[in-house]
Amino acid sequence: MEIKKNSPCWCGSGKKYKQCHQKFDEIYNQMKLKGHHMPHRDLIKNSHDIAGVKKSAEINTGVLDEVASKICVGMSTEQIDQIVYDYTVSHGAIPAPLNYEGFPKSCCTSINDVVCHGIPDENTILKDGDIVNVDVSTIFHGYYSDASRMFMIGNVSEDARKLVEVTKECMELGIQAIKPWGHVGDIGAAIAAHAHKFGYRIVRDYGGHGIGKAFHEDPIVMHIGSKNTGMVLTPGMMITVEPMVNAGDWKLFIDEEDGWTSFTRDGSLSAQWENMVLITDTGIEILSY
Ligand code: MF3
Ligand code: CO
């Protein structure tokens with residue numbers, strides 16, 4: 001159905017269509033005709049939604065900064081969880097992981113060969129030489145944010161440090177590969193190329209994701225892939241880039257008892273960094289730290 005130029009735009013901005021998404025729709029429809037995989041309109045955020053997600057992401061960054069300032073040798077992962085919960089709730093927000101599909105805690109804490117979804121626990125104590133990912137997600141006034149960082153505890157081996165650094169570079173290169181009207185496969189291609197240079201392997205069982213009005217929206221953002229393939233990334237979309245990189249093989253197994261904790265099958269170290277990105281008309285904006 002054709003929208004009239006002076007009618008309100010479909011995005012809910014309240015602006016006239018001709019001053020809002022008319023130009024967007026021209027590009028969108030051309031690409032669709034050429035057979036590209038185009039995002040559903042639900043994934044396109046308007047300026048009101050973008051402002052909402054940014055506020056959520058600001059709190060989420062604050063949580064990670066708070067963890068960064070306190071994390072140390074001898075601390076239990078339960079204590080990290082407590083820091084996350086207290087900071088989030090005192091800022092009027094909700095930790096998104098808590099009770100998410102039965103997840104029992106407010107964040108994920110994944111140490112050494114744990115790839116992701118480690119469950120904070122009072123008996124899990126950070127030791128000298130550990131590398132740990134703290135993955136934090138926040139709901140504020142219905143808007144979701146999600147980011148994670150690695151922390152190196154005390155004196156870390158050269159191998160572990162290298163993995164942590166290269167994984168951060170992978171995330172950054174993945175983000176740099178994003179452009180408006182580009183493809184989601186561009187991200188995985190950039191990330192995998194970098195990791196493979198060091199003999200590392202990329203986890204395939206989990207990916208990044210759209211985010212904003214829900215914790216996990218389309219598309220899935222694989223961290224391995226081919227350029228110019230997959231869904232087109234348009235202005236107004238928000239996604240996470242969160243490569244999990246293993247020093248050894250990419251294969252995983254999940255703890256049968258808790259149903260969550262994901263380990264490298266070969267026991268090798270694994271690292272992860274996660275950030276959120278908004279695609280704009282002219283480029284991208286990084287939304288968390
Ligand atoms: N924060 C994770 C992500 O990056 C999701 C964790 S799900 C949870 O998507 F339930 F374990 F919290
Ligand atoms: Co995520």
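Both counts, for ligands and for their atoms, begin at 1 and track the order of listing. Since the structure is predicted, the reported quantities are computational estimates derived from the model, not experimental observations.
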Self-check item: Ionic contact status for E158 with K162, cut-off 4.0 Å
Solution: no
Self-check item: In the protein, N/O/S atoms that are found under 2.8 Å from the Co ion (ligand 2), waters not counted
Solution: D146 OD2, H209 NE2, E242 OE2, E274 OE2
Self-check item: Residues E169, K197: salt bridge by 4.0 Å N-O rule
Solution: no
Exercise. Calculate, to the nearest 0.5 Å, the distance between atoms CD and OG1 belonging to E172 and T167 respectively.
Key: 11.0 Å
Quiz item: Take atom OH in Y85; do more than 12 heavy atoms of anything else shown fall under 6.0 Å from it?
Solution: no
Quiz item: Would you say Y206 contacts ligand 1, with heavy atoms under 4.0 Å as the rule?
Solution: no
Quiz item: In terms of side-chain geometry, is the basic nitrogen of R265 or D249 positioned less than 4.0 Å from the acidic oxygen of its partner?
Solution: no
Practice problem: Would you mind telling me if ligand 1 is within reach of the side chain of C108, the backbone, both or neither, using heavy atoms under 4.0 Å? | Solution: side chain
Exercise. Considering only non-hydrogen protein atoms, determine which one is nearest to atom 2 (C) of ligand 1 and report residue, atom name and distance to 0.1 Å.
Key: D135 OD2, 3.4 Å
Quiz item: Which is closest to atom 4 (O) of ligand 1 in terms of heavy atoms, H117, K105, E242?
Solution: E242
Quiz item: Who's the nearest protein heavy-atom neighbour of atom 3 (C) of ligand 1, and how far?
Solution: D146 OD2, 3.3 Å
Quiz item: Within the structure, does H216 bring an N/O atom to less than 3.5 angstrom of an N/O atom in ligand 1?
Solution: yes
Quiz item: Charged N to carboxylate O below 4.0 Å: is that the case for D186 and K179?
Solution: yes
Quiz item: Is ligand 1 under 4.0 Å from a heavy atom in the side chain of S137, in the backbone, in both, or in neither?
Solution: side chain
Quiz item: What are the atoms of ligand 1, with element, lying closer than 4.0 Å to any heavy atom of F215?
Solution: 1 (N), 5 (C)
Quiz item: With sequence neighbours left out, what residues match D113 under salt bridge (Lys or Arg N to Asp or Glu O under 4.0 Å)?
Solution: none
Quiz item: What heavy-atom pair brings D121 and N123 nearest, and what distance separates the two atoms?
Solution: OD2-N, 2.8 Å
Exercise. State whether K32 and D25 are salt-bridged, where the test is any N-O pair (Lys NZ or Arg NE/NH1/NH2 against Asp/Glu carboxylate O) under 4.0 Å.
Key: no
